[in-house]
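Just so you know, ligand 1 is whichever comes first in the structure, and atom 1 is the first atom listed for that ligand.
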Amino acid sequence: MKHIVLLVGARPNFIKVAPLHRALAARGVSTILVHTGQHYDAAMSDVFFKELGIPAPDVHLGVGAGDRMTQTKKIMDALVPVLRERMPDALLVFGDVTSTAAGAMAGTVAGIRVGHVEAGLRSFNWRMPEELNRMIADHHSDWLFVTEPAGMTNLKNESITHDRVHLVGNVMIDSLRAMEPAVAGSRILTDLGLMPGSYGTLTLHRPENVDDVDTLRPLWDAISAASVRLPLVFPMHHRARAKFDAFGLSIPPTIRAIEPVGYIDMLALLKGSKVVLTDSGGLQEETAAFNVPCITLREQTERPVTVELGTSEVVGRDRSKILDAVSSVMDGRWKKGGLHPLWDGHAAERIADILKNA
Ligand code: UDP
């Protein structure tokens, strides 16, 4: 295989594509980077290209903001002609965002073979848009690159043939390890006046948590109560910011809400945290890599290895469970974490080897 289109669209995609772009280039496989424009501003997109050394996209589809259906249609309308014109040997899609599912469908329509990086994850919660995106991408793919053992079981249960499925590990960890020297130079803790271990980091943006005021308000009350025990830094996703404004939720003095930060500063914040409270997928993995306790504010996780081996516990939105979990960290009762052996910083190289020889 000589010629691959890499499709990205949203923040977590940029972090996943960087090591693969490098690994393919090192093997003499040429890549065309296509950005859908799902996340398009400086804080959610440009900073990641710069920090991770990803070249500017070769093609920008300019899709912009919109609901899932509009974005999906715009991505497919714009991507199918690009694929037909360029005729790559494969199209790679990443993770579980709208661009992932729309890209995989566009690949099938254009007659291009598709690979899905981070395949096989399942929360079994059909109300999550990400769950549908994962399933659509997996069922349109010829190569399924899986991060953890549960993914292998999930794909087998969905009758996806074994020869398409490869347990390769986690490209998020590749990026994290590659950036560790830069993380040591981050000034974010100094700028925010924080000492390592003296604060927690909070992120919240999943529709299931922030879209409904009757869910968000009690969750926010619980988090606010927890922040009395340990002050929190909250890099606020634009989606969460819009909901907080719409619902008139106020931020207590024990929680420092800041704009979304770049990847290097985010890793520095995570690494210095006493605990992380989050509904993000990527943060469950990054906290495992840093051995930082992770209180996962979701009813279920599609990344069970972060609980089985890692530092995460899934506590949902229950106030007493959240407060108990924070107490357990503060009282030194939290478990120590480990990492799956394939989360070793070399997943992208394994993927690139498979594709080069395909
Ligand atoms: N992230 C970041 N800056 C922030 C918040 C998150 O760089 O202000 C990084 C984070 O470290 C992780 C990725 O973005 O690598 C996760 O993105 P997000 O939570 O948006 O998506 P998910 O992982 O839930 O798909």
Original post:
Can you pull the salt bridge (charged side-chain N to carboxylate O under 4.0 Å, His left out) pairs that have at least one residue in residues 264-277, sequence neighbours excluded?
Top reply: E180-K271
Original post:
Which hydrophobic side chains are connected to M87, either touching it within the sub-4.5 Å cutoff or through other members that do?
Top reply: V5, L7, I32, V34, V59, L61, V63, I75, L79, V82, L83, L91, V93, I112, V114
**OP:** Taking salt bridge (Lys or Arg N to Asp or Glu O under 4.0 Å) as the test, write out the residues that go with K156, two or more places apart.
**Re:** none
**OP:** Give the protein residues with at least one non-hydrogen atom closer than 4.0 Å to an atom of ligand 1, ordered by chain and number.
**Re:** R11, P12, I15, F48, M172, H205, R206, P235, P260, V261, G262, Y263, M266, S280, G281, G282, L283, E286
**OP:** State yes or no: are the ring centers of F14 and H39 separated by less than 6.0 Å?
**Re:** no
Subject >> Residue pair E130, S123: steps toward the side-chain hydrogen bond (donor to acceptor under 3.5 Å, both in side chains) verdict >> reply: CA-CA 9 Å; E130 296 86 356; S123 66; over 6 Å; no
Subject >> Working for side-chain hydrogen bond (donor to acceptor under 3.5 Å, both in side chains), residues H237 and S280 >> reply: CA-CA 11 Å; H237 197 286; S280 156; over 6 Å; no
